[in-house]
K.L.:
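What follows is a single structure, and I will ask about it in a moment.
Start at 1 and go down the list; that is how both ligands and their atoms are numbered.
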Amino acid sequence: MMESFRHDVIVVGGGGAGLRAAIAAVEADPKVTVALVSKVYPMRSHTVSAEGGAAAYVEGKGDSLEKHAYDTVKGSDFLAAQDSVDYFVEQAPLELTRLEHWGCPWSRNDDGTVATRPFGGMAVPRTWFAADKVGFHMLHSLFQHSLRFDRIVRYDEHFVTKLLVDDGAVKGVAALDIRSGAMRMFQGRAVILATGGAGKCFPFTTNGNIKTGDGMSLAYRAGVGLKDMEFVQYHPTGLPGTGILITEASRGEGGYVLNAEGERFLVTRDYGVGQKAELGPRDMISRAEILEIEAGRGIKGPYGEFVQLDLRHLGEAKIMAKLPFVRELSKIYAGVDPVHEPIPIRPVLHYMMGGVDTDVRGATPLPGLYAAGEVACVSMNGANRLGSNSLTECLVFGARAGREAVAYGRGASDGQEARLRAAAEEEGARIDALRGRKRGSEKIAALRSEMQTAMESGCGVYRKQESMQQAVSDLARIKSRYDDIALEDASKVFNTEILAALELGAMLDVAQAIAVSAAHRTESRGAHACRDFPQRNDRDFLYHSMVFHEESGPRLDKKSVTITRFQPEERKY
Ligand SMILES: Cc1cc2nc3c(=O)[nH]c(=O)nc-3n(C[C@H](O)[C@H](O)[C@H](O)COP(=O)(O)OP(=O)(O)OC[C@H]3O[C@@H](n4cnc5c(N)ncnc54)[C@H](O)[C@@H]3O)c2cc1C
């Protein structure tokens, strides 16, 4: 019989958002137990790789909650939900301070106050950092703190494949124990998705291999809408070839972006970033780089054309104090030492603004289902996220979802065990049938690569109606071929092939949602830059796109934007 476990709250994902949610849940109620189910060991979650910093207001530095809120809403090109943004900016300093109490070693000024660095699109320096290994220190502090609670029970290397819904509410998950290959059932009163983003839908990304949109697909398949999926963020400073990120902190600390002629084009030419120059928002700088390359001012390299990031004028001492990891990455992966040479860079897919539709509490419209972190769209990033808001978002909304899930669970039931078990067993049978299924003529790797190509050419930095439509039809075809994939490996123990198959299934759901949302939005807003429709069109498009799963394919819908104190205006810097 299938092994089953019962906890009050099931958290799926052990990154920044998942760990924060789990801690908040057990702190909210001394009787509550939490299952922390994660496909990788928590410290291997993508949060660990964040470099630059986490944003929050600091007193006495010319900042205010209002300014942080305004920068975020403007950065979002006025698509952010302003109630979510207000809650975020207010909680941000409390969360970052709490994290310090749990051991996070924020870098400090000589006078002992917390150090902050400037980041793109932010009016004042409000990005807290721990050198340029911020994600590592944050995740480590969260993980260590979580170990204090016996009531957080970890199920590492368990891959969640299905949400168990009973009587209209989520009551658990079915998960594959990767080590044994056995399916297991996790029963609970509420489930929090904290599964991160989906950068691997694209070929050239800063994202780790595990970022395959699993949680977005789980919610989508259970009938929850995916919101604002067309808004995907390109980061302007990735290393050509690998896509490894050179953090925005390198521009925050004073780095220059140069073309082949050694010109600081963000200063000398009109790309809409104004005085901000290198500290303009990511969407605008990524576009400027593409336009420079198209104008023949890029540098040719083995991985296509690129521009450059110059840190030489900062000097070795500053680079070693503030950006040691940038130096290490550049030396190893680009063969240049930024103390002496500029770093080759180009825009690289980095982050999903869209995700599982939630309100400010982290609740989805499906009772019992919550989501937080990059998997969620609590709508604080709108059409373009500001760098360093997302680590803080994981803490603020992870904590909120944890508390809300506990409160919800008090009034909810466990669900009918026999029915849940039947659903989990059916899911187990589906996985068994897929494992080592040799009949089938399609290869996982080939379909994945076709999907990635379709996404890059259809939904890249600049988009065109025709290429977006092409991506929509290519993806529909790839998806139907997915039903015919062949798997070679029939073994149960650490079968990574079946994981790759499941991940590809999730990515295809997400990719389709991105392409369909993008193709319908005949305007340009934030990261969605449409060449045929270069203007923002508030009259027709000031709404969140929603995509729902239907047997016949994705169904589009819309949702209104919560606008309170900041009225939409032209986005100029
Ligand atoms: C290279 C890089 C640098 C960045 N730098 C910054 C920065 O400086 N500042 C900033 O604000 N943001 C930064 N970001 C963005 C930010 O780091 C992420 O958005 C954030 O860390 C996401 O955290 P998360 O908890 O939502 O997900 P993740 O940390 O990605 O964790 C996801 C978790 O879900 C689990 N999971 C996924 N699918 C399943 C499944 N099917 N079953 C079970 N478990 C599953 C995984 O095991 C993992 O534990 C950066 C991102 C990258 C890629």
K.L.:
Going by distance only, is there an N or O of Val160 that falls short of 3.5 Å from an N or O of ligand 1?
P.N.:
yes
K.L.:
May I ask you to establish whether Arg400 and Tyr87 are in a cation-pi arrangement, using a distance under 6.0 Å from NZ or CZ to the six-membered ring centre and at most 45° from the ring axis?
P.N.:
yes
K.L.:
Got the closest protein heavy atom to atom 35 (C) of ligand 1, with its distance?
P.N.:
Gly13 CA, 3.5 Å
K.L.:
Ignoring hydrogens and geometry, is there a side-chain-to-backbone donor-acceptor pair from Arg117 to Lys322 under 3.5 Å?
P.N.:
yes
K.L.:
Tell me, which protein residue and heavy-atom name are nearest atom 48 (C) of ligand 1, and how many Å apart are they?
P.N.:
Ser45 OG, 3.3 Å
K.L.:
Would you mind telling me which of Phe136, Tyr41, Phe149 makes a ring pair (Phe, Tyr, Trp, His ring centres under 6.0 Å) with Phe143?
P.N.:
Tyr41
K.L.:
Relative to the heavy atoms of Ser388, which atoms of ligand 1 are at a distance of less than 4.0 Å?
P.N.:
9 (N), 10 (C), 11 (O)
K.L.:
Do any N/O atoms on Asn207 end up under 3.5 angstrom from N/O atoms on ligand 1?
P.N.:
no
K.L.:
Does the side chain of Phe129 reach to within under 4.5 Å of the side chain of Glu51, using non-hydrogen atoms?
P.N.:
no
K.L.:
Looking only at protein heavy atoms, which one is nearest to atom 11 (O) of ligand 1, and how far off is it?
P.N.:
Leu391 N, 2.8 Å
K.L.:
How close do Glu497 and Ile444 get, counting heavy atoms only, and between which atoms?
P.N.:
O-CD1, 3.8 Å
K.L.:
What do you reckon, does Ser38 have a nitrogen or oxygen under 3.5 Å from a nitrogen or oxygen of ligand 1?
P.N.:
yes
K.L.:
Should Asp63 and Lys61 count as an ion pair when the cut-off is N to O under 4.0 Å?
P.N.:
no
K.L.:
As an exercise, identify every atom of ligand 1 less than 4.0 angstrom from a heavy atom of Phe159.
P.N.:
41 (N), 42 (N)
K.L.:
Between Glu3 and Arg184, does the salt bridge (charged side-chain N to carboxylate O under 4.0 Å, His left out) criterion hold? Intermediate values first, please.
P.N.:
CA-CA 5 Å; Glu3 237 184 318; Arg184 294 174 145 187; 2.9 Å; yes
K.L.:
Is the closest heavy-atom distance from Thr206 to ligand 1 below 4.0 Å?
P.N.:
yes
K.L.:
Looking at the rings of Tyr155 and Phe5, which for Trp means the six-membered one, are their centres under 6.0 Å apart?
P.N.:
yes
K.L.:
Does Asn389 reach ligand 1, in the sense of a heavy atom lying below 4.0 Å from it?
P.N.:
yes
K.L.:
Classify the contact between Lys162 and ligand 1 as side chain, backbone, both or neither, using a heavy-atom distance cut-off of under 4.0 Å.
P.N.:
neither
K.L.:
Provide the closest heavy-atom pair for Ser517 versus Met229 in the form atom of the first, atom of the second, distance.
P.N.:
OG-CB, 3.9 Å
K.L.:
How far is atom 27 (O) of ligand 1 from its nearest protein heavy atom, and which residue and atom name does that atom have?
P.N.:
Gly196 CA, 3.3 Å
K.L.:
Are the charged groups of Lys162 and Glu426 less than 4.0 angstrom apart, N to O?
P.N.:
no
K.L.:
Could you tell me, atom by atom, which parts of ligand 1 come under 4.0 Å of a heavy atom of Gly16?
P.N.:
25 (O)
K.L.:
Need the ligand 1 atom indices (1-based, order shown) with element for anything under 4.0 Å from a heavy-atom of Tyr351.
P.N.:
19 (O)
K.L.:
Go through ligand 1 atom by atom and flag the ones less than 4.0 Å from a non-hydrogen atom of Gly14.
P.N.:
33 (C), 48 (C), 49 (O)
K.L.:
Which of the atoms in ligand 1, numbered in the order shown and given with their element, are less than 4.0 Å from a heavy-atom of Gly373?
P.N.:
26 (O)
K.L.:
My understanding is that we take every heavy atom of each candidate and find the minimum distance to atom 32 (C) of ligand 1. Doing that for Leu19, Leu499, Asp132, Thr195, which one comes out nearest?
P.N.:
Thr195
K.L.:
Phe306 ring centre to Arg346 NZ or CZ under 6.0 Å, with the angle to the axis within 45°?
P.N.:
no
K.L.:
Return yes or no for this condition: an N or O of Lys39 is under 3.5 Å from an N or O of ligand 1.
P.N.:
yes
K.L.:
Does even one non-hydrogen atom of Met216 get within less than 4.0 Å of ligand 1?
P.N.:
no
K.L.:
Are Ser379 and Asp228 close enough, and set up right, to give a side chain to side chain donor-acceptor pair (under 3.5 Å), and what steps lead you there?
P.N.:
CA-CA 8 Å; Ser379 302; Asp228 290 341; 4.6 Å; no
K.L.:
Take Tyr220 and His549 through the ring-ring contact (aromatic ring centres under 6.0 Å, His included) test and state the conclusion after the steps.
P.N.:
CA-CA 6 Å; Tyr220 182 61; His549 174 69; 5.2 Å; yes
K.L.:
Polar contacts were defined as any N/O atom of the residue lying under 3.5 Å from an N/O atom of the ligand; does this apply to Lys211 and ligand 1?
P.N.:
no
K.L.:
Atom 53 (C) of ligand 1: which protein heavy atom is closest, and how many Å away?
P.N.:
His46 NE2, 1.7 Å
K.L.:
Can you confirm, on distance only, whether ligand 1 has an N/O atom lying under 3.5 Å from any N/O atom belonging to Pro42?
P.N.:
no
K.L.:
Consider every N or O of Asp214 and every N or O of ligand 1, then say whether any pair is closer than 3.5 Å.
P.N.:
yes
K.L.:
Distance to 0.1 Å, residue and atom name: give those for the protein heavy atom nearest to atom 29 (O) of ligand 1.
P.N.:
Thr47 OG1, 2.5 Å
K.L.:
Cation-pi between Lys74 and Tyr573: NZ/CZ under 6.0 Å from ring centre and within 45° of the ring axis?
P.N.:
yes
K.L.:
Do Ser217 and Asp214 have side-chain atoms, one donor and one acceptor, less than 3.5 Å apart?
P.N.:
no
K.L.:
Within less than 4.0 angstrom of ligand 1, does His158 place any heavy atom?
P.N.:
yes
K.L.:
Do me a favour and list the nearest non-hydrogen protein atom to atom 19 (O) of ligand 1 with residue, atom name and distance?
P.N.:
Glu374 OE1, 2.7 Å
K.L.:
Regarding ligand 1, does Val12 bring an N or O atom to under 3.5 Å of one of the ligand's N or O atoms?
P.N.:
no
K.L.:
Give the atom numbers and elements of ligand 1 that come within less than 4.0 Å of a heavy atom of Glu51.
P.N.:
5 (N), 8 (O)
K.L.:
Any atom of ligand 1 sitting under 4.0 Å from a heavy atom of Ala54?
P.N.:
no
K.L.:
Using a plain distance cutoff, I'd like to know if Ala50 has any nitrogen or oxygen under 3.5 Å from a nitrogen or oxygen of ligand 1.
P.N.:
no
K.L.:
For atom 9 (N) of ligand 1, state which one of Gly53, Gly197, Gly52, Ser390 supplies the nearest heavy atom.
P.N.:
Gly53
K.L.:
Would you say that Leu395 contacts Leu99 through its side chain, given a criterion of any heavy-atom pair below 4.5 Å between the two side chains?
P.N.:
yes
K.L.:
Does ligand 1 have a heavy atom under 4.0 Å from the side chain of His350, from its backbone, from both, or from neither?
P.N.:
side chain
K.L.:
Would you compute the distance between atom CD of Glu278 and atom CZ of Arg251 and round it to the nearest 0.5 angstrom?
P.N.:
8.0 Å
K.L.:
Where does Ser49 meet ligand 1, judged by heavy-atom distances below 4.0 Å: at the side chain, the backbone, both, or neither?
P.N.:
both
K.L.:
Measure centre to centre between the rings of Tyr303 and Phe204, then say whether the value is under 6.0 Å.
P.N.:
no
K.L.:
Check ligand 1 against Ala17 and write out every atom of the ligand that is under 4.0 Å from a heavy-atom position of the residue.
P.N.:
25 (O)
K.L.:
For the residue pair Ser146 and Ile23, establish whether any side-chain heavy-atom pair is separated by less than 4.5 Å.
P.N.:
yes
K.L.:
For ligand 1 and Val375, I'd like to know whether there is a polar contact (N/O to N/O, distance under 3.5 Å).
P.N.:
no
K.L.:
Under 6.0 Å from the CZ atom of Arg151, do we count more than 12 heavy atoms belonging to anything else shown?
P.N.:
yes
